[in-house]
Amino acid sequence: MKAMEEKILTSGKVLPGNVLKVGNFLNQQLDVNFLTEVGKEMARLFADAGVTKVITIEASGIALATLTAQALGVPAVIVKKHFSANQSKEVYTATIDSFTHKNSYTAVVAREYLNEGDRVLIVDDFLAVGNAIRGLQKILGEAGATLVGCAIAIEKAFQGGGDALRAEGIRVESLAMVESMSDDSVTFRR
Ligand code: G4P
């Protein structure tokens with residue numbers, strides 16, 4: 001999606017440690033009109049996949065998952081990063097190591113929201129090493145649901161997570177694929 005690349009070039013900022021800051025349209029402040037178009041594009045890419053649910057992990061994926069689910073006309077399921085008091089005890093969990101944040105957390109979702117026979121699209125803002133998607137893949141497997149693919153706003157292609165998933169036959173559609181970053185430039189894979 002050319003518009004995503006242009007948005008990164010005009011609004012993104014490269015921080016030390018190969019981090020792309022996109023807080024002004026994707027992570028903290030949301031450019032809702034732009035993200036609505038992103039959601040429509042993600043839905044278009046998977047329009048023929050028979051998606052029954054969109055899934056993401058809180059927090060930054062929620063907006064995109066919501067807008068994509070709206071465009072597909074299906075529910076969005078939000079996987080939590082913490083158990084909460086009112087969380088159902090019947091849950092699926094996965095331990096996810098965050099390469100970027102150097103921590104790990106337990107992803108948790110109530111069993112009632114994922115069913116055998118569901119065809120699930122993973123939506124997220126970033127794909128780096130792919131640990132978050134691996135965790136969701138495990139949860140979907142335990143639920144007996146089918147992973148139809150992953151729709152990603154920004155793939156950091158140089159971190160290899162997307163290519164590893166594709167090599168396993170998983171459909172990964174990234175709207176911008178960052179090949180490399182430096183202080184004053186971002187190069188895309190096309
Ligand atoms: P993964 O997402 O492929 O598993 O890789 P990684 O472990 O590196 O990512 C961990 C977190 O860091 C994710 O957010 C991811 O979105 C975020 N992240 C990775 N690279 C970048 C980057 O260059 N820029 C920004 N802004 N974020 C990046 P999270 O822990 O799930 O947090 P949240 O923001 O969704 O709450």
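Numbering of ligands and ligand atoms starts at 1, following listing order.
When side chains are defined from C-beta on, Ile170 counts as touching Cys150, because their heavy atoms get closer than 4.5 Å. Under the 4.5 Å side-chain criterion, counting only non-hydrogen atoms from C-beta, Val123 is not in contact with Phe46. Using a 4.5 Å heavy-atom cutoff, the side chains of Leu121 and Val74 are not in contact. Phe126 is listed as a side-chain neighbour of Asn27, based on a closest heavy-atom distance under 4.5 Å.
Of all protein heavy atoms, the one closest to atom 5 (O) of ligand 1 is Ala128 CB, 3.3 Å. For atom 3 (O) of ligand 1, the closest non-hydrogen atom of the protein is Gly130 N, 2.6 Å. Annotation: atom 7 (O) of ligand 1 to nearest protein heavy atom, Phe99 N, 2.7 Å. Looking only at protein heavy atoms, the nearest one to atom 35 (O) of ligand 1 is Ser60 N, 3.0 Å. For atom 17 (C) of ligand 1, the nearest non-hydrogen atom of the protein is His101 NE2, 4.3 Å. Thr100 OG1, 2.4 Å is the protein heavy atom nearest to atom 8 (O) of ligand 1. With respect to atom 16 (O) of ligand 1, the closest heavy atom belonging to the protein is Phe126 CB, 3.4 Å.
In this structure, Glu112 places its CD atom where more than 12 heavy-atom neighbours from other residues, nucleotides or ligands lie under 6.0 Å away. Enclosure of atom CD in Glu5 by more than 12 non-hydrogen atoms of other residues, nucleotides or ligands within 6.0 angstrom is indicated.
Numbered from 1 in the order shown, with element, the atoms of ligand 1 that lie under 4.0 Å from a heavy atom of Asn131 read 1 (P), 3 (O), 4 (O). Residue Leu20 approaches ligand 1 through these ligand atoms, each under 4.0 Å from one of its heavy atoms: 22 (C), 23 (O), 24 (N), 25 (C), 26 (N). Atom numbering of ligand 1 starts at 1 in the shown order; those under 4.0 Å from a heavy atom of Lys156 are 20 (N), 21 (C), 22 (C), 23 (O).
Proximity of a side-chain donor or acceptor of Thr146 to a complementary backbone N or O of Arg119 within less than 3.5 Å is not detected. Judged by distance alone, the side chain of Asn131 and the main-chain N or O of Asp97 form a donor-acceptor pair under 3.5 Å. A distance-only check finds a donor-acceptor pair linking the side chain of Glu58 to the backbone of Lys81 [under 3.5 Å]. Judged by distance alone, with hydrogens and angles left aside, the side-chain atoms of Lys7 form no donor-acceptor pair with the main-chain N or O of Phe34 at under 3.5 Å. Side-chain atoms of Lys138 come within 3.5 Å of backbone N or O of Thr93 as a donor-acceptor pair.
Ile57 does not count as a contact of ligand 1, since none of its heavy atoms falls under 4.0 Å from the ligand. The shortest separation from a heavy atom of Ser98 to ligand 1 is under 4.0 Å, placing the residue in contact. Under the 4.0 angstrom criterion for non-hydrogen atoms, Lys21 is not in contact with ligand 1.
For atom 32 (O) of ligand 1, the candidate residues are Lys102, Lys81, Lys13, Glu58; the nearest heavy-atom contact is made by Lys81.
Among the atoms of Ala59, some N or O lies under 3.5 angstrom from an N or O of ligand 1. An N or O contact shorter than 3.5 Å links Val129 to ligand 1 by distance. Of the N or O atoms in Val19, none lie within a sub-3.5 Å distance of an N or O in ligand 1.
Residue contacts with ligand 1, taken as heavy atom pairs separated by less than 4.0 Å, do not involve Ile96 at all. Under 4.0 Å from ligand 1, the heavy atoms of Asn27 that appear belong solely to its side chain.
For atom 22 (C) of ligand 1, the nearest protein heavy atom lies closer than 4.0 Å.
When all heavy atoms of Ala76 and Ala65 are compared, the closest pair comes out as CB-O, 4.0 Å.
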